[in-house]
Amino acid sequence: MIIFLIVFLNSSYSYSLNIDEAIKSTIENNAKVKLALEKLEESKELVIYSSRENLPSITGTVTGTYESADTDTASTSTTPETFTDSYKLVISKNIYDAGVNKLEIERSKILYNNELVNFESTIENLILDAIEGYLTVINYEKSLEATKKNYDAVLKAIEEIKTKFDLGSATLYELQESEASFAIAKTNLFAAEQNLLISKKTFNRIVGLNAVNLDDYIEINYDIDLEDLTNNAFNNNLNLLLLENEILNKEILILKEKKSKKANIDISGTALYSDGSRLERGTNTTSGSIGLTITVPLYNKGQDDSDIRKYQSQKLQAEIQLQDQKDDLSILISNTYKNFKINESQMQANLSIIESIETSLSSLKEEYTIGTKTITDLVEEEEKLLNANVNYLNSKKEYLLNYFKLKSLEGSLVNIFEEYLP
């Protein structure tokens with residue numbers, strides 16, 4: 001279980017936005033979630049309609065007939081007119097279909113479950129996007145801080161070199177070298193500012209919130225066992241669940257085709273009331289009947305057998321794909337886990353490098369003060385410190401991203417944020 005904590009920092013803002021709140025906002029506001037919900041509503045009708053297939057059908061018919069005829073005999077001539085009303089009610093119901101309707105209900109549930117899995121997949125992808133956007137903003141904020149510090153150090157160095165050059169105590173080579181370092185520092189600063197600006201825009205588009213005062217403290221579960229992770233993925237991975245549902249779907253379609261060869265029995269009841277005439281006194285008729293219809297398929301040009309063979313082939317394809325996906329998933333989990341552990345080692349190594357450079361930089365400053373080291377030496381060490389900080393931030397970001405990717409592959413990422421699901 002992952003735990004997200006809010007750390008209130010000293011800043012001009014009264015709150016800190018943590019990753020938990022960012023995910024909540026993403027799920028509540030992102031358009032892709034709204035579209036996925038509408039898909040669920042649409043597919044829900046499959047279950048509703050299928051469950052009503054076993055209900056009786058009721059139809060009512062009202063008929064009015066006007067009739068006029070001329071009748072001539074040797075002695076008389078008449079023109080009778082009649083207007084006949086008839087009211088008919090028919091109730092029909094299938095009482096035996098060899099279980100086809102029941103199978104269709106089960107199939108509709110599977111199709112609806114597919115939409116649920118697709119919905120979770122949409123949420124999962126958005127969560128990963130939001131997490132990456134969140135971590136990217138933090139990464140660029142920290143990188144900008146380190147880059148500004150480096151820029152200030154290089155700016156101070158070039159000003160000092162220029163002064164020394166004007167006094168004749170620094171060479172042209174030293175001046176040009178410091179100018180080159182300043183140009184690089186200026187470019188790095190501009191790049192860092194633009195990276196942060198773009199990452200904040202991207203974050204806002206995904207999450208729907210401004211990337212202000214993000215909390216960079218994320219506590220995760222370090223106890224990850226690769227074998228357990230793989231076993232859990234085989235049971236819960238969303239792509240595997242879709243393939244397993246596809247196999248069940250084809251099995252039901254095969255059964256439906258087999259059962260469609262069997263007889264169907266339908267019962268119907270009819271009630272009729274007829275008023276003989278509303279123009280002259282006529283005859284009122286009330287009648288009722290019950291009918292039983294047995295339909296036996298005799299020959300349909302082998303369509304059923306052809307469909308059965310087709311669905312059997314599709315089922316076999318899905319089974320092959322399922323095994324292939326499991327093999328691919330196992331490799332993907334292993335690679336992601338490997339990268340996760342490598343990033344962890346890189347973080348530790350980069351922290352050691354940063355500590356070493358900071359110690360060296362402290363010594364260089366003392367030597368610079370007594371005149372045994374030049375400002376160029378300080379600038380070079382500052383650049384090393386900047387690179388080490390950037391490398392550490394990148395390894396930390398990739399470390400956390402790979403952790404959440406592992407949770408996604410395992411099929412447990414959505415569960416972490418399930419309280420925010422609509």
Side-chain angles (χ1 to χ4, degrees), residues 23-24 26-57 93-94 96-130 232-260 262 264 304 307-308 310-326 328-329 407-422:
I23 300 302
K24 180 177 182 290
T26 301
I27 294 175
E28 288 178 349
N29 301 313
N30 196 282
K32 291 178 180 178
V33 178
K34 297 174 183 178
L35 286 173
L37 279 173
E38 287 303 315
K39 281 280 187 183
L40 277 180
E41 288 299 317
E42 177 186 339
S43 63
K44 192 186 296 181
E45 291 300 318
L46 291 172
V47 182
I48 295 172
Y49 179 77
S50 297
S51 64
R52 291 173 180 168
E53 279 293 294
N54 287 326
L55 297 176
S57 298
K93 187 182 186 306
N94 177 268
Y96 178 75
D97 65 351
V100 172
N101 284 340
K102 186 177 179 181
L103 286 172
E104 185 57 32
I105 293 173
E106 292 304 312
R107 180 170 177 267
S108 68
K109 290 178 181 178
I110 291 172
L111 296 178
Y112 178 67
N113 189 52
N114 276 348
E115 288 304 324
L116 282 173
V117 175
N118 286 326
F119 174 74
E120 287 193 10
S121 181
T122 298
I123 296 292
E124 188 177 78
N125 291 332
L126 280 174
I127 289 173
L128 285 174
D129 288 343
N232 291 337
F234 285 167
N235 292 322
N236 302 314
N237 181 269
L238 298 181
N239 290 329
L240 296 186
L241 291 178
L242 285 175
L243 283 172
E244 288 170 356
N245 281 346
E246 182 63 14
I247 292 171
L248 292 175
N249 181 36
K250 297 308 177 186
E251 288 176 348
I252 290 177
L253 288 173
I254 292 169
L255 282 173
K256 280 184 65 179
E257 290 299 327
K258 289 179 178 179
K259 289 180 179 294
S260 68
K262 297 183 179 180
N264 270 266
D304 292 335
D307 288 340
I308 288 172
K310 178 181 68 177
Y311 292 138
Q312 285 174 336
S313 174
Q314 291 174 354
K315 179 193 171 189
L316 179 59
Q317 292 174 49
E319 289 171 342
I320 295 171
Q321 287 177 343
L322 178 61
Q323 185 56 52
D324 189 53
Q325 282 269 17
K326 284 184 175 181
D328 287 344
L329 181 61
K407 290 296 178 182
S408 172
L409 294 171
E410 185 187 27
S412 62
L413 180 62
V414 173
N415 297 337
I416 297 172
F417 305 98
E418 62 183 353
E419 62 182 297
Y420 305 127
L421 295 182

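Residue numbers count from 1 along this sequence.
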message: Using side-chain heavy atoms (C-beta onward) and a distance below 4.5 Å, is Leu128 in contact with Ser408?
response: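 Sidechains of Ser408 and Leu128: in contact.
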Working for side chain to side chain contact (heavy atoms under 4.5 Å, CB included), residues Asn118 and Lys39: CA-CA 9 Å; Asn118 286 326; Lys39 281 280 187 183; over 6 Å; no
task: Please assess Asn249 against Asn245 for the test side chain to side chain contact (heavy atoms under 4.5 Å, CB included), listing each intermediate value before the final yes or no.
output: CA-CA 6 Å; Asn249 181 36; Asn245 281 346; over 6 Å; no
Distance check, rounded to the nearest 0.5 Å: [X] atom [atom1] versus [Y] atom [atom2]?
X: Ile247; Y: Leu322; atom1: CD1; atom2: CG; value: 5.0 Å
X: Ile127; Y: Lys407; atom1: CD1; atom2: NZ; value: 13.0 Å
X: Leu35; Y: Leu40; atom1: CG; atom2: CG; value: 11.5 Å
X: Arg107; Y: Glu251; atom1: CZ; atom2: CD; value: 13.0 Å
X: Leu103; Y: Glu257; atom1: CG; atom2: CD; value: 11.0 Å
X: Ile123; Y: Asn30; atom1: CD1; atom2: CG; value: 8.5 Å

task: List the steps, then state whether side chain to side chain contact (heavy atoms under 4.5 Å, CB included) holds for Gln312 with Ile308.
output: CA-CA 6 Å; Gln312 285 174 336; Ile308 288 172; 3.8 Å; yes
For residues [X] and [Y], report the shortest heavy-atom separation together with the two atoms involved.
X: Ser260; Y: Val100; value: N-CG2, 4.4 Å
X: Lys259; Y: Gly99; value: CD-C, 4.2 Å
X: Ile23; Y: Ala130; value: CD1-CB, 3.6 Å
X: Glu124; Y: Gly411; value: OE2-CA, 4.5 Å
X: Glu410; Y: Asn236; value: O-CB, 3.4 Å

- prompt: Looking at Phe234, does the NZ or CZ of Lys326 lie under 6.0 angstrom from its six-membered ring centre and within 45 degrees of the ring axis?
  reply: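 Lys326 over Phe234 ring: yes.
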Backbone of [Y] reached by a side-chain donor or acceptor of [X] within 3.5 Å:
X: Asn125; Y: Ser121; answer: yes
X: Asn113; Y: Lys109; answer: no
X: Asn237; Y: Leu409; answer: yes

field: Pair Lys24-Phe417, side chain to side chain contact (heavy atoms under 4.5 Å, CB included): steps then yes or no
entry: CA-CA 8 Å; Lys24 180 177 182 290; Phe417 305 98; over 6 Å; no
task: Test salt bridge (charged side-chain N to carboxylate O under 4.0 Å, His left out) on Glu38 and Lys34 and set out the steps.
output: CA-CA 6 Å; Glu38 287 303 315; Lys34 297 174 183 178; over 6 Å; no
Under 3.5 Å side-chain donor-acceptor pair for Ser313 and Gln317: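 Short answer, yes.
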query: In terms of side-chain geometry, is the basic nitrogen of Lys102 or Glu106 positioned less than 4.0 Å from the acidic oxygen of its partner?
result: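 Between Glu106 and Lys102 there is no salt bridge, as every charged N stays at least 4.0 Å from the carboxylate O atoms.
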